[in-house]
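Data block below; observations after.
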Amino acid sequence: MKLNIKEIKYIRQSLEHRLIYYKSKPQYSQYADELKPIVKKFKDLEGLKGKSLTEINKEGGIWN
């Protein structure tokens, strides 16, 4: 299965939002720990060099 950059970006953003939610709930901390390596893998695929979604948005988005 091949994914284009837009699909990779969408999946990464969805996973990051889910990770933020899991971090805010102590009972879901196990799921947050499991999601971290997956999010990192999608960041590597997208080529963002480990930047989080909030860091990118603070810098003005990915097009700057």
Side-chain angles (χ1 to χ4, degrees):
M1 176 182 198
K2 291 185 178 182
L3 298 173
N4 64 34
I5 192 71
K6 287 183 180 182
E7 293 167 334
I8 292 171
K9 179 181 175 184
Y10 177 79
I11 294 169
R12 179 189 56 82
Q13 288 176 343
S14 299
L15 290 173
E16 280 185 339
H17 286 290
R18 181 59 52 186
L19 181 62
I20 291 168
Y21 173 77
Y22 285 155
K23 283 182 179 180
S24 69
K25 307 287 184 186
Q27 67 267 28
Y28 296 130
S29 63
Q30 172 192 358
Y31 301 120
D33 294 338
E34 292 174 1
L35 270 181
K36 286 178 186 177
I38 298 169
V39 171
K40 184 180 182 305
K41 180 67 175 179
F42 275 95
K43 284 181 183 178
D44 292 343
L45 287 172
E46 195 175 341
L48 294 176
K49 300 180 181 82
K51 291 185 177 181
S52 72
L53 182 62
T54 53
E55 290 173 338
I56 293 168
N57 288 337
K58 284 180 184 176
E59 293 173 358
I62 61 171
W63 304 112
N64 291 340

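Rounded to the nearest 0.5 Å, atoms NE2 (His17) and CZ (Arg12) are 8.5 Å apart. If you take CD1 on Ile20 and CG on Leu15, they are separated by 11.5 Å, rounding to the nearest 0.5 Å. Of the inter-residue distances, the one linking Lys9 atom NZ with Lys6 atom NZ reads 9.0 Å to the nearest 0.5 angstrom.
Ile8 is linked by a side chain to side chain contact (heavy atoms under 4.5 Å, CB included) to Leu3, Phe42, Leu45, Glu46, counting only residues two or more places apart in sequence or in another chain. The salt bridge (Lys or Arg N to Asp or Glu O under 4.0 Å) test applied to Lys40 returns Asp44, not counting sequence neighbours. Listed by chain and number, the residues in a side chain to side chain donor-acceptor pair (under 3.5 Å) with Glu34 are Gln30 (sequence neighbours excluded).
Note on residues 18-29: no pairs pass side chain to side chain donor-acceptor pair (under 3.5 Å), not counting sequence neighbours.
With hydrophobic clusters built from ILVMFWY side chains whose heavy atoms lie under 4.5 angstrom apart, Ile38 does not share a cluster with Tyr10.
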